[in-house]
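Throughout, numbering of the chain's residues begins at 1 and tracks the sequence.
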Amino acid sequence: MAPKTFDTYVDGLDDILRAFRNLPKEASAELRQASQVVADKHMAPAWREAAINYAGPWGQVIADSVKVKKDRVPAVNIGGQRKKFSGGASPTMVRYLTDKGDRGRAGSQKRAPEAFRQGTDWISQVRQYQGGALQEWAKAVDQIIMKWSHL
């Protein structure tokens with residue numbers, strides 16, 4: 001399983017998720033649904049827009065690979081193993097190379113192919129969704145806790 005990558009830090013998130021273990025399964029299901037709505041509304045469009053506008057000629061394929069996850073926190077998957085590029089590369093294989101080129105972790109093992117050398121820094125263009133998404137998710141968490149904590 002690939003390591004999880006987060007693009008923001010939420011103080012106390014582990015405590016919140018731990019507290020949900022004490023609530024009925026229906027509460028956790030409601031949180032997953034609310035998180036999916038937040039990710040659909042805020043995260044997926046922001047990541048798709050950043051890929052299309054800033055990831056160069058690979059952007060549309062990367063944008064098409066953005067999928068909303070069903071998790072207790074809003075989350076998306078970016079990439080996939082299905083080969084989508086003419087040279088046999090998958091969106092996951094080019095995701096970080098398009099961003100960092102040979103400056104990042106993806107290019108550190110060996111020199112990146114010429115087309116990726118500079119990188120486009122497209123991932124830094126995506127952060128504008130965070131404030132609204134976090135506020136909406138926090139409101140959903142509060143509502144669910146208030147609804148289910150009396151049990």
Side-chain angles (χ1 to χ4, degrees), residues 1-21 25-141 143-144:
M1 177 178 252
K4 291 188 177 197
T5 304
F6 300 96
D7 64 357
T8 191
Y9 174 78
V10 177
D11 191 37
L13 179 61
D14 289 339
D15 295 332
I16 292 169
L17 296 177
R18 203 172 301 114
F20 265 92
R21 291 186 195 141
K25 289 186 187 272
E26 293 88 359
S28 189
E30 284 184 31
L31 180 59
R32 289 177 194 277
Q33 180 62 37
S35 295
Q36 200 170 9
V37 168
V38 170
D40 246 341
K41 181 178 175 183
H42 295 282
M43 294 179 75
W47 281 98
R48 288 179 186 126
E49 182 182 335
I52 289 169
N53 292 328
Y54 302 104
W58 309 277
Q60 185 63 55
V61 175
I62 294 170
D64 291 344
S65 76
V66 175
K67 305 287 186 247
V68 173
K69 292 173 59 173
K70 192 169 188 173
D71 201 347
R72 294 182 298 170
V73 294
V76 293
N77 279 331
I78 304 165
Q81 297 306 317
R82 184 169 280 163
K83 294 177 171 124
K84 298 282 187 174
F85 295 99
S86 62
S90 70
T92 298
M93 293 168 82
V94 301
R95 179 181 55 207
Y96 288 109
L97 277 174
T98 58
D99 182 50
K100 299 296 182 205
D102 59 9
R103 300 181 318 265
R105 68 178 186 198
S108 64
Q109 299 295 333
K110 56 185 175 190
R111 286 221 24 106
E114 188 65 40
F116 298 105
R117 290 265 161 80
Q118 295 302 308
T120 61
D121 203 31
W122 71 272
I123 291 176
S124 69
Q125 304 297 321
V126 79
R127 307 291 188 241
Q128 77 277 1
Y129 77 85
Q130 291 178 343
L134 285 174
Q135 287 177 342
E136 193 171 321
W137 184 76
K139 186 176 178 182
V141 167
Q143 289 173 344
I144 293 167

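A distance of 12.0 Å separates CD of Q33 from OG of S28, quoted to the nearest 0.5 Å. Taking NE2 of H42 as the reference point, atom CD of Q130 lies at 12.0 Å (rounded to 0.5 Å). In this structure, CD on E136 lies 13.0 Å from OH on Y129, to the nearest 0.5 angstrom. Between the NZ atom of K69 and the CD1 atom of I78 there is a distance of 10.5 Å, given to the nearest 0.5 Å. Taking NZ from K25 and CZ from F20, the interatomic distance works out to 14.5 Å, rounded to the nearest 0.5 Å. Between the CG atom of N77 and the NZ atom of K67 there is a distance of 9.5 Å, given to the nearest 0.5 Å.
Closest heavy-atom contact between P74 and V38: CG-CG1, 3.7 Å. Nearest heavy-atom pair across I144 and A27 is CG2-O, 3.8 Å. Closest approach of D121 and Q125 over heavy atoms only: O-CG, 3.9 Å.
For the pair P91 and V61, the minimum side-chain heavy-atom distance is below 4.5 Å. With a 4.5 Å cut-off on side-chain heavy atoms, Y96 and I123 count as touching. Residues W137 and L31 form a side-chain contact, since some pair of their non-hydrogen atoms from C-beta on lies under 4.5 Å apart. The shortest distance between side-chain heavy atoms of V126 and Y54 does not fall below 4.5 Å.
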Which is it for V68 and M43 under the side-chain contact (heavy atoms from CB on, under 4.5 Å) test, yes or no, and what are the steps along the way?
CA-CA 8 Å; V68 173; M43 294 179 75; over 6 Å; no
Begin from the C-alpha positions of R32 and Q36 and carry the test side-chain contact (heavy atoms from CB on, under 4.5 Å) through to its verdict.
CA-CA 6 Å; R32 289 177 194 277; Q36 200 170 9; over 6 Å; no
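A side-chain donor from one of D64 and Q60 sits under 3.5 Å from a side-chain acceptor of the other.
With W122 as reference, T98 is the one residue of T98, N53, D99 to meet the side-chain hydrogen bond (donor to acceptor under 3.5 Å, both in side chains) rule.
With S65 contributing its side chain and I62 its backbone, the two residues share a donor-acceptor pair below 3.5 Å.
Partners of R82 under the side-chain contact (heavy atoms from CB on, under 4.5 Å) rule, at least two apart in sequence or in another chain, are K84.
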